Amino acid sequence: MVAHDAVTGLSILGATGSIGTSTLDVVARHPDRFRVRALAAHRDVAGMAGLCRRFRPELAVMADPDAAVALRRQLGDDLPGVRVAGGEAGLIEAATWPGVDCVVAAIVGAAGLMPTLAAARDGRRILLANKEVLVMAGELFMAEARAHGAVVLPVDSEHNAIFQCLPEAYPARDLDSLGIRRLILTASGGPFRARAPETLAQVTPDEACAHPNWSMGRKISVDSATMMNKGLELIEACRLFSAEPGRVDVVIHPQSIVHSLVEYRDGSLLAQLGQPDMRIPIAHALGWPERLVSGAESLDLAALARLDFEAPDPRRFPCLQLAYDALEAGGHACAVLNAANEVAVEAFLHGEIGYTRIAVVVAEVLERMSGGPAAADLEAIRGVDNEARSVALQVVRREAG
Ligand SMILES: NC(=O)C1=CN([C@@H]2O[C@H](COP(=O)(O)OP(=O)(O)OC[C@H]3O[C@@H](n4cnc5c(N)ncnc54)[C@H](OP(=O)(O)O)[C@@H]3O)[C@@H](O)[C@H]2O)C=CC1
Ligand SMILES: CC(=O)[C@@H](O)[C@H](O)COP(=O)(O)O
Ligand SMILES: [Mn+2]
């Protein structure tokens, strides 16, 4: 076992969310090992105030400036030592706060791009849950991380599973030279895996968010239902592991026990299994290369009795096909896919469009913006993201009206 003599300073971006809460649950089990120095969220002032009282960070950031004012007021005289900041500048401050060794990137959506990129440029260790960063700006982000010596550890359960199944020589050697034939992402199939397709137009946001195995935020839960989540994860895998799209496959595994697999050239498949509990990949990434207690229960294989696998049906899950199409189109298509999906999911969650229209909106935006070159820099990426959002909003308004 590698000995550790220093306390690891943490910054948790998205601290009030599902990943943020699971991270803090693991961290609280290791008080001698971690010190929470910075926390950031959007506008959940009560949630953040509670975390500040419990973890006493040096910095607390609310992305919404009004929420930052409310947090300062709520903390009152109790915690004068906590600096409160707001806005995107505050998020970047949290990502680069002094004494932070490790940044947990767990903001949902494109809002996480700037702070996560700032952490990469500052050479911090990044525990990456925020897959949208890799989908919209994966090439730039990974290049910046490499250039500044930032280690990126995947928290997304499938990518963390793959990382655990790769040999130690990764990433110094590429997948081919390591004898790797395929990366296989498992997908639960979500709450509508077996539902009659003709009834899907009527499903409610709460039904779409009722994931059969995982408890997660609402945006990723809808993505799991449409299987856009697996599409985003396909792109995430290509970018994280420098894999060509043809080397990454998706298989439906309804139990979410096998979290993903690596197939080697000799035909061996290595898999990581565990309870569907995000504290496992989070603890793996927090402790890496050591292993930490996560709080997750052991897996009783005999009680499980069976593990099932099936091929995804592209007619039931058009969003997965759209992600394959965007990868194949290249250029700015993945950034367009991500932005259009964020707008469409938000519109569905607010009751503005039906569930089956999410794929329709994304497909139309991809078609209208097809053929654009890869955005060369951050400004260009933000430009594509903005344009795709405004095209998506036009489509949503037409659909809703
Ligand atoms: N949940 C899971 O099990 C998994 C999640 N992921 C990924 O992790 C990320 C987080 O997911 P999850 O925890 O489920 O999401 P949640 O919705 O539960 O939490 C989102 C977090 O991000 C914060 N946030 C939202 N918008 C902004 C913004 N504009 N600026 C700053 N902070 C913001 C929220 O703050 P506030 O509470 O104040 O709104 C909250 O802390 C996503 O990218 C998801 O795809 C990946 C694998 C598994
Ligand atoms: C926990 C996690 O990593 C999620 O991304 C999960 O994989 C979602 O489940 P689906 O397989 O249904 O997308
Ligand atoms: Mn996942």
Side-chain angles (χ1 to χ4, degrees), residues 12-24 39-49 51 60-65 67-68 70-71 86-88 90-92 94-95 104-116 127-136 154-162 185-193 209 211-234 236-237 250-256 258-260 274-282 312 317 319-320 338 341-342 345-346 349:
I12 303 173
L13 313 176
T16 49
S18 163
I19 292 288
T21 307
S22 294
T23 303
L24 288 164
L39 293 172
H42 187 206
R43 51 168 77 110
D44 178 0
V45 173
M48 181 61 105
L51 295 179
V61 176
M62 303 306 297
D64 175 6
L71 178 67
E88 191 170 80
L91 294 177
I92 291 171
V104 180
I107 290 174
V108 59
L113 175 64
M114 294 306 286
T116 311
L127 273 50
L128 188 67
N130 184 187
K131 64 193 86 182
E132 293 91 346
V133 166
L134 285 176
V135 177
M136 72 185 290
V155 166
D156 203 349
S157 63
E158 297 75 5
H159 306 74
N160 181 272
I162 287 169
L185 298 171
T186 51
S188 73
F192 307 137
R193 181 178 62 86
C209 288
H211 196 281
N213 306 324
W214 299 95
S215 162
M216 309 185 287
R218 284 173 81 77
K219 192 268 179 180
I220 185 178
S221 296
V222 175
D223 286 346
S224 287
T226 61
M227 274 190 85
M228 179 61 91
N229 185 46
K230 222 43 61 177
L232 302 179
E233 291 184 350
L234 168 76
E236 180 184 13
V250 172
V251 66
I252 290 187
H253 163 50
Q255 293 93 351
S256 300
V258 177
H259 296 301
S260 277
Q275 296 281 5
D277 182 335
M278 281 306 292
R279 290 177 300 176
I280 298 173
I282 290 168
F317 296 112
C319 284
L320 178 60
N338 181 65
N341 183 58
E342 285 193 29
V345 170
E346 179 92 355
L349 284 171

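Throughout, numbering of the chain's residues begins at 1 and tracks the sequence. These numbers come from a predicted model, not from an experiment. Numbering of ligands and ligand atoms starts at 1, following listing order.
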Exercise. Ser157 heavy atoms, cut-off 4.0 Å: which ligand 2 atoms fall inside?
Worked result: 1 (C), 2 (C), 3 (O), 7 (O)

Exercise. Measuring from the heavy atoms of Lys131, does anything fall under 4.0 Å of ligand 2?
Worked result: yes

Problem set entry | contact_flag Ala106 ligand 1 heavy-atom lt 4.0 Å | yes

Exercise. Who's the nearest protein heavy-atom neighbour of atom 20 (C) of ligand 1, and how far?
Worked result: Val108 CG1, 3.8 Å

For this session: Indicate yes or no: does Arg218 engage Glu346 in a salt bridge with an N to O separation below 4.0 Å.
Result: no

Problem set entry | Closest heavy-atom pair and its distance - Thr16, Gly47 | CG2-C, 3.9 Å

Exercise. Nearest protein heavy-atom contact for atom 47 (C) of ligand 1: which residue, which atom, what distance?
Worked result: Asp156 OD1, 3.2 Å

Exercise. Where is the nearest protein heavy atom to atom 13 (O) of ligand 1: which residue, which atom, and how far?
Worked result: Ile19 N, 2.9 Å

Exercise. With atoms numbered from 1 as shown, which atoms in ligand 2 lie under 4.0 angstrom from a non-hydrogen atom of Ala187?
Worked result: 11 (O)

For this session: Enumerate the atoms of ligand 2 whose separation from the nearest heavy atom of Ser224 is less than 4.0 angstrom.
Result: 8 (C), 9 (O), 10 (P), 12 (O), 13 (O)

Exercise. How close does the nearest protein non-hydrogen atom get to atom 7 (O) of ligand 2, and which residue and atom is it?
Worked result: Glu158 OE2, 2.3 Å

Exercise. Is the closest side-chain heavy-atom distance between Leu320 and Met228 below 4.5 Å?
Worked result: no

Exercise. In terms of residue, atom name and distance, what is the protein heavy atom nearest to atom 7 (C) of ligand 1?
Worked result: Ala129 O, 3.1 Å

Seminar exercise, completed: protein heavy-atom neighbour closest to atom 9 (C) of ligand 1 works out as Ile107 O, 3.7 Å

For this session: Please identify which atoms of ligand 2 are closer than 4.0 Å to at least one heavy atom of Asp156.
Result: 2 (C), 3 (O), 5 (O)

Exercise. Heavy-atom distance under 4.5 Å between the side chains of Pro254 and Ser188, does that happen here?
Worked result: no

Exercise. Between Pro115 and Leu13, which heavy-atom pair has the shortest distance, and what is it?
Worked result: CB-CD1, 3.8 Å

Seminar exercise, completed: Check: of Thr186, Asn229, Ile220, Thr226, min heavy-atom distance to atom 13 (O) of ligand 2 comes from Asn229

Exercise. Can you tell which of Leu51, Thr16, Asp277, Asn229 gets a heavy atom nearest to atom 34 (C) of ligand 1?
Worked result: Thr16

Problem set entry | Test item: Cys209 and Val222 side chains (from C-beta on) under 4.5 Å apart, heavy atoms | yes

Exercise. Would one find an N or O of Arg43, backbone or side chain, under 3.5 Å from an N or O of ligand 1?
Worked result: yes

Problem set entry | Residue and atom name of the nearest protein heavy atom (relative to atom 43 (O) of ligand 1), distance in Å to one decimal | Glu132 OE1, 2.7 Å

Exercise. In Å and rounded to the nearest 0.5 Å, what is the NE2 to CG distance from His211 to Asn229?
Worked result: 7.5 Å

Exercise. For Ala15, is the nearest heavy atom under 4.0 Å from an atom of ligand 1?
Worked result: yes

Exercise. Does ligand 2 have an atom that lies less than 4.0 angstrom from a heavy atom of Glu233?
Worked result: yes

Exercise. Where do Met216 and Trp214 come nearest, in terms of heavy atoms and distance?
Worked result: CG-CB, 3.7 Å

Problem set entry | Apex the Mn ion (ligand 3); atoms Glu158 OE1 and Asp156 OD1; angle rounded to 10 degrees | 100°

For this session: Pull out every atom of ligand 2 sitting under 4.0 Å from any heavy atom of Met278, numbered as shown with elements.
Result: 1 (C)

Problem set entry | Between Thr186 and His259, a side-chain donor and acceptor under 3.5 Å | no

For this session: Could you find the nearest protein heavy atom to atom 15 (O) of ligand 1 and give me its residue, atom name and distance?
Result: Gly217 CA, 4.0 Å

Exercise. Taking atom types as modelled, is there a side-chain donor on His159 or Glu236 under 3.5 Å from an acceptor on the other?
Worked result: yes

Seminar exercise, completed: When distances are taken from atom 1 (N) of ligand 1, the protein heavy atom at minimum range is Ser18 OG, 3.1 Å

For this session: Classify the contact between Lys230 and ligand 2 as side chain, backbone, both or neither, using a heavy-atom distance cut-off of under 4.0 Å.
Result: side chain

Exercise. At a non-hydrogen distance cut-off of under 4.0 Å, which region of Ile220 contacts ligand 1 (side chain, backbone, both, or neither)?
Worked result: side chain

Problem set entry | For atom 4 (C) of ligand 2, closest protein heavy-atom neighbour | Met216 SD, 3.7 Å

Exercise. Looking only at heavy atoms, what is the nearest atom pair of Pro312 and Ile252, with distance?
Worked result: CA-CD1, 3.7 Å

For this session: Give the contacting part of His42 toward ligand 1: side chain, backbone, both or neither, where contact means a heavy-atom distance below 4.0 Å.
Result: both

Exercise. Would you call Met227 and Val250 a side-chain contact if the rule is heavy atoms closer than 4.5 Å?
Worked result: yes

Exercise. Between Ala63 and ligand 1, which part of the residue brings a heavy atom under 4.0 Å of the ligand: side chain, backbone, both or neither?
Worked result: side chain

